[in-house]
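One structure is given here, and the rest of the page talks about it.
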2 protein chains.
Amino acid sequence: MKLDSAGLRVLSHEECLRLLSLTPIGRIVFTDRALPAVQPVNFHLDGDEIVIRTAVGTKLAVATRRAVVAFEADEIDWESRTGWSVTAVGRARAVSDPAEIKRLSALPLVSWAPGSHDHFIVIQAEQLSGRRISPEEPAT
Amino acid sequence: MKLDSAGLRVLSHEECLRLLSLTPIGRIVFTDRALPAVQPVNFHLDGDEIVIRTAVGTKLAVATRRAVVAFEADEIDWESRTGWSVTAVGRARAVSDPAEIKRLSALPLVSWAPGSHDHFIVIQAEQLSGRRISPEEPAT
């Protein structure tokens, strides 16, 4: 069992992808006017790509264009102090190819915010890392 | 009612602080070797400062030293598609003053990860912003 610098169990690449595929909400981390920014979004895992649906011209759409971003999802239970967290880091791209837009539009992914959302952001998960929090972990 | 570029309701400064004070878990967003990084942590809101307890030498402790970071907390219900998200941006500092360490040690804040956690990171929430997600919002 591999542990990180904080003593948490390191998840395998496959386990990270499996957890992401089961989770509807994550947080995209980007830079907005030279400051760190973070925004929760619902998403769909398409192979090893994270697909987000938004509107043209939103802060998110503008700031993530051709940027390296992080994407995090977690499920942590406060009462039992257990849970997991997965982070992907990779380049974000705005989808412009009509065939790809058509394919992504068919995914089970609806934006929650009001208005039209025909703009897709895709993050290629180049680096994927995950941790599991468990009170049974040995203190090392 | 103020709406943002995605049509979500903008929360007041006071509402952001109130929600943070009621939430045990958030995510600290920082830069790790020039890449965006994000890590879930439990925290305590002390006035308008976010207090995190960690161990000396963790990646988090090293990477956030004198850095401008973001901190995000949210509570989003997938079924009803309702919830909120609050983000703070500000400078992080490692607490070194023994009197302050003593005071912070008395806060109701216990690190979940195994091992000794006598290192405190404090984020001054200089910029605070929040959004509420609600299916009743008008599409503008």
Side-chain angles (χ1 to χ4, degrees), chain A residues 3-8 23-25 27-32 34-42 54-55 57-62 67-72 74-78 81-85 87 89-90 110-117 127 129 131 133-140, chain B residues 3-8 23-25 27-32 34-42 54-55 57-62 67-72 74-78 81-85 87 89-90 110-117 127 129 131 133-140:
Chain A
L3 301 177
D4 74 358
S5 67
L8 302 177
T23 308
I25 299 167
R27 293 147 204 97
I28 185 164
V29 170
F30 54 103
T31 301
D32 181 37
L35 288 175
V38 49
Q39 187 176 314
V41 289
N42 59 321
T54 185
T58 55
K59 191 174 79 170
L60 185 65
V62 173
V68 174
V69 303
F71 184 82
E72 189 262 3
D74 60 48
E75 211 171 275
I76 298 168
D77 182 66
W78 167 243
R81 298 186 180 186
T82 56
W84 58 266
S85 159
T87 302
V89 176
V110 177
S111 180
W112 296 0
S116 163
H117 292 87
Q127 289 182 23
S129 61
R131 303 287 183 272
I133 302 158
S134 158
E136 291 87 41
E137 302 295 335
T140 52
Chain B
L3 301 177
D4 73 358
S5 67
L8 302 178
T23 308
I25 299 167
R27 293 145 205 100
I28 185 164
V29 170
F30 54 102
T31 302
D32 181 37
L35 288 175
V38 49
Q39 187 176 314
V41 288
N42 60 320
T54 183
T58 55
K59 191 173 80 170
L60 185 65
V62 173
V68 173
V69 303
F71 184 84
E72 191 261 2
D74 60 47
E75 210 171 277
I76 297 169
D77 183 66
W78 167 245
R81 298 187 180 186
T82 56
W84 58 265
S85 159
T87 301
V89 176
V110 177
S111 181
W112 296 359
S116 162
H117 292 86
Q127 288 183 25
S129 62
R131 302 288 182 271
I133 302 157
S134 158
E136 290 86 40
E137 302 295 334
T140 51

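Every heavy atom of this structure was used, including side-chain atoms; hydrogens, water molecules and symmetry mates were not. Chain naming here is simple, since letters A, B, ... match the order of the sequence lines and numbering starts at 1 in each.
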To the nearest 0.5 Å, how far apart are CD1 in B:I25 and CG in B:N42? 7.0 Å

Is chain B contacted by the side chain of A:Q39, its backbone, both, or neither, given a heavy-atom distance below 4.5 Å? neither

Cut-off 4.5 Å, heavy atoms of chain B, and the answer for A:V68 is both

Partner residues of A:D74 under the side-chain hydrogen bond (donor to acceptor under 3.5 Å, both in side chains) criterion, sequence neighbours left out: B:R27

With a 4.5 angstrom heavy-atom cut-off, could you sort out which part of A:D77 is near chain B: side chain, backbone, both or neither? backbone

With a 4.5 Å heavy-atom cut-off, do B:E72 and A:P40 have their side chains touching? yes

Segment of A:I76 engaging chain B (4.5 angstrom heavy-atom cut-off): both

Could you tell me which residues satisfy side-chain hydrogen bond (donor to acceptor under 3.5 Å, both in side chains) with B:T58, sequence neighbours excluded, listed by chain and number? B:T54

To the nearest 0.5 Å, atom CD of B:E75 lies from atom OG1 of B:T82 at 9.5 Å

Mind ranking B:S85, B:A61, B:A70, B:P24 by heavy-atom pairs under 4.5 Å with chain A and telling me who comes out on top? B:P24

